[in-house]
Amino acid sequence: MKKDFYEVLGVSRSASKDEIKKAYRKLALQYHPDKNPDNKDAEEHFKEVNEAYEVLSNDDKRRRYDQFGHAGVGTSAASGAGGPGGAYGGGVNDFSDIFSAFNDMFGGGRARGSGAPFGFEEVFGGAGGGKRGRASSGIPGTDLKIRLKLTLEEIARGVEKTLKIRKQVPCKECNGSGSKSGTTETCQTCHGSGEVRQASKTMFGQFVNIAACPTCGGEGRVVKDRCTSCYGEGIKQGEVTVKVTVPAGVQDGNYLTLRGQGNTGPRGGAPGDLIVVIEEKPHDLFRRNGNDVIYDLAVSYPDLVMGTKIDVPTLDGAVKLTIPPATQPDTMLRIAGHGIGHLRGSGKGDQLVRVNVYVPRDLSNPDKELLKELRKSRAFSPTGGSDREEKSFFEKARDIFT
Ligand SMILES: [Zn+2]
Ligand SMILES: [Zn+2]
C-alpha cells in the first residue's frame, strides 16, 4: 500500500500551501541523491517526497486526493520515459492477505450494524498496512476500485466470487520492462537521480527549484530500444480473473483490499491494490437490521385468535413458525439463528417476524353472514359487546315498559 502523501511530507491534512512547500523543501534537501550517494533508502524517500509534493501542491490534484486517495490522482508517470527492467512484483495473493486486510478494517471493536463506517481515507491511510517492499524501482501501479453487488443470502453466509477485471498487466513481449532487449540506461538528463534542479534568480535571492526529470519522468533510467508492443510502457490493458472470499456479515460500503492485485506499474513498478467495495442488493422479502432480518407476515384473524403453524421463508429456506393462540397484531416472533452470520466471531443473527392481521378487501355474501354472526358474540368485542347489541337491548326494554 502506498504511503499517505500528507504523512510523507509530515504535514497535517489542513496544511497550507506554504507549509507544504516548506516541508517539501526540507525533505527534498535531506534525501537528495547528491547528499546521499548510493543510498537506496534515501532515493526511495526522495521519490516519495516528490510524488507527494506534485499532488499536494496542485489544488485540483490535492482535492481529488483528499476525496479518493491515491486512486484519485494516479501516478506521475511521464509517457515514453524509461526505467530499469527486471521482475515486477506481481503475483498471486493468498487469502491470508485478504484476512489481514480485514483485520485492519474491522479491528478496534467497532459497533456492529452502524451503516458503513469505513471511509476510503482509511484504506489509503496505511494505518495497519505499511509500505510494501518494491520489487524494483519502476513507477508504482495505481489502485483499482471495483464494486461487488451481493444478495442478502450471499452476505448472510459468506461467499466466494470469481471476478473478471480489466486492468493494466505487464506486457508479455518485453516481460514488463518496456525494452525489447530488456535493458535500460541511466538517464543522461538527470544522471539517474530522477530529478532536475533549476536555479532561478528573484528579487529575494536565488532559488533552486527541484522537479521530476522531464526525460525519465523521475525514474532515473530510460529505455533505448522501446518495446513496440507497449510503446516502452511495459504495461498493457488486460483482463484477469480474481477470486474474492467475502466473509459473512459484511455491509454496504465495506471493502476488501487485495494487496498487489491492482494495476501493474510501468516498467516493472510494483502493482497497486485492488479494492473491492461491497454493495448490498435490496431483498424482496427481508429487511436487514444489523445481523437480524425482519420479515412481515400477514395472518388471518381466526389463526391469530386460535393459533396455528405457518411456513415462513427465511434466508435458509422455509421454516415452520408457531403462532401462539391470542397473538396480537404487531407482535414480533423470533426465529433464532436464521439471520446473518456475524462478521467477527461465530454465530448468526435471528429472523424477526412481525405478525400482522390480514384484512380482506372483498367478501362474498356468505362470508359477510359469517362476520355478522361473529359480531353478535361479545367475546369478539374489546368492550364486551357491540353498541348495536346494547342499543337494541334498550330499545327492547323501552318496548316492554312503554
Ligand atoms: Zn512491451
Ligand atoms: Zn532523468
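Each ligand, and each atom within it, is numbered from 1 in the order the structure gives.
Ring pair Y53/Y24 is parallel by interplanar angle, where below 30° counts as parallel and above 60° as perpendicular.
With the Zn ion (ligand 1) as the vertex, atom SG of C171 and atom SG of C230 span an angle of 110° (nearest 10 degrees). Seen from the Zn ion (ligand 1), atom SG on C174 and atom SG on C227 lie at an angle near 120° (rounded to 10 degrees).
The existence of a salt bridge linking E44 and K47 is excluded, since no basic side-chain nitrogen approaches an acidic carboxylate oxygen closer than 4.0 Å. A salt bridge between R13 and D4 is present, with a side-chain N of the basic residue lying under 4.0 Å from a carboxylate O of the acidic one. A salt bridge is defined here as a Lys NZ or Arg NE, NH1 or NH2 lying under 4.0 Å from an Asp or Glu carboxylate O, and E154 with K161 meets this definition. With respect to the salt-bridge test (charged N to carboxylate O, under 4.0 angstrom), the residues R64 and D60 qualify.
The shortest heavy-atom contact between D273 and R259 is OD1-CA, 3.3 Å.
Centroid-to-centroid, the aromatic rings of F5 and Y65 come within less than 6.0 Å.
Around the Zn ion (ligand 2), the protein N, O or S atoms found under 2.8 Å comprise C187 SG, C190 SG, C213 SG, C216 SG.
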